[in-house]
Amino acid sequence: RAGVPFQYLAVQKTGARQSVGLIQLNRPQALNALCEGLMAELRQALEALDNDPQVGAIVITGSQKAFAAGADIKEMQNKTFQECYSSGFLASWDKVSTVRKPVIAAVNGYAVSPHHLPMPPSSGPAPSDAPFPPWFQLGGGCELAMMCDIIYAGEKAQFGQPEILLGTIPGAGGTQRLTRAVGKSLAMEMVLTGDRISA
């Protein structure tokens, strides 16, 4: 195991020679929404595995239902642009792309904001202390996957950048990485419509 126990991650070394660092996003109640705590832990885990001479590659994965639903809007909704800019909001996200060892995203499920997911049946108004509904999260899961060196996608994988549906655009490098990954036309369509694509 790499480092201390984590609240939002399950981290272990696996493989015949224990040479693969496996990081599983573990926030199932929010479809692995990327809150600040999760991203801080991800940075710590990546640094530990990157500095571990036994580890040759790192795999980041989620659950069967969702790789990562996206950034946690509940944390972001009251922040102004000035607060985000001056505090270096999302600055730690780049750690994934600066790790020296190969980082693989193993995606099965949603790497997208679940805006277009069917909403669960309503049983009346949600209590005031209910967790923020997971379908109100951004496409940070897709951005996280694109920061990795390789993406292995299962048959159920879905990718998207639906920030436009909240009146904003991808904020963690998604506009640049998506264009390089799928070409200008499809990237523009995904970013400007919020539509998602399958694997």
Side-chain angles (χ1 to χ4, degrees), residues 23 25 27-28 30-36 38-39 42 58-81 83-85 88-99 102-120 132-199:
I23 301 173
L25 309 181
R27 197 179 175 214
L31 296 179
N32 295 328
L34 305 173
C35 63
E36 289 183 13
L38 187 152
M39 293 308 295
L42 181 59
I58 301 168
V59 175
I60 300 175
T61 190
S63 65
Q64 289 295 313
K65 188 173 183 181
F67 173 73
D72 194 331
I73 296 304
K74 187 175 183 181
E75 289 186 340
M76 299 167 59
Q77 63 186 353
N78 294 321
K79 290 182 185 285
T80 65
F81 171 78
E83 289 171 334
C84 292
Y85 187 78
F89 185 65
L90 301 182
S92 64
W93 284 45
D94 275 343
K95 179 61 184 177
V96 180
S97 58
T98 60
V99 171
V103 180
I104 300 165
V107 181
N108 194 38
Y110 293 93
V112 58
S113 159
H115 286 295
H116 304 300
L117 300 183
M119 289 190 178
F132 203 77
W135 46 88
F136 286 102
Q137 294 152 0
L138 297 182
C142 185
E143 293 180 287
L144 176 61
M146 288 190 294
M147 290 178 195
C148 298
D149 300 303
I150 301 170
I151 300 175
Y152 283 114
E155 292 179 359
K156 296 179 182 178
Q158 298 276 318
F159 297 88
Q161 296 287 172
E163 288 88 343
I164 193 71
L165 302 177
L166 293 180
T168 185
I169 62 170
T175 52
Q176 295 83 27
R177 291 187 178 97
L178 188 61
T179 302
R180 292 195 292 265
V182 301
K184 176 179 177 286
S185 295
L186 183 54
M188 287 289 283
E189 180 180 347
M190 292 173 68
V191 171
L192 296 179
T193 66
D195 289 347
R196 65 178 188 258
I197 60 172
S198 64

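When a residue number appears, it is its place in the shown sequence, counting from 1. What you see below is based on every heavy atom in this structure, not just the backbone, and it leaves out hydrogens, waters and symmetry mates.
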Contact check, side chains of [X] and [Y], non-hydrogen atoms, under 4.5 Å:
X: V182; Y: F159; result: no
X: L25; Y: L34; result: yes
X: L178; Y: M146; result: yes
X: N32; Y: S63; result: yes

Verdict with supporting geometry, R177 and M147, side-chain contact (heavy atoms from CB on, under 4.5 Å)
CA-CA 8 Å; R177 291 187 178 97; M147 290 178 195; 3.6 Å; yes
T179 side chain to A187 backbone, donor-acceptor under 3.5 Å
no
Which value, rounded to the nearest 0.5 Å, describes the distance between I60 atom CD1 and I151 atom CD1?
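I60 atom CD1 to I151 atom CD1 measures 11.0 Å (nearest 0.5 Å).
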Should L144 and F67 be marked as a side-chain contact (heavy atoms from CB on, under 4.5 Å) after you check the CA-CA gap, both sets of side-chain angles, and the distance that decides it?
CA-CA 9 Å; L144 176 61; F67 173 73; 4.0 Å; yes
For L38 and R27, which heavy atoms make the closest approach, and how far apart are they?
CD1-CB, 4.3 Å
Contact summary for C148 and V96, nearest pair of heavy atoms
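For C148 versus V96, the nearest heavy atoms are SG-CG1, 4.0 Å.
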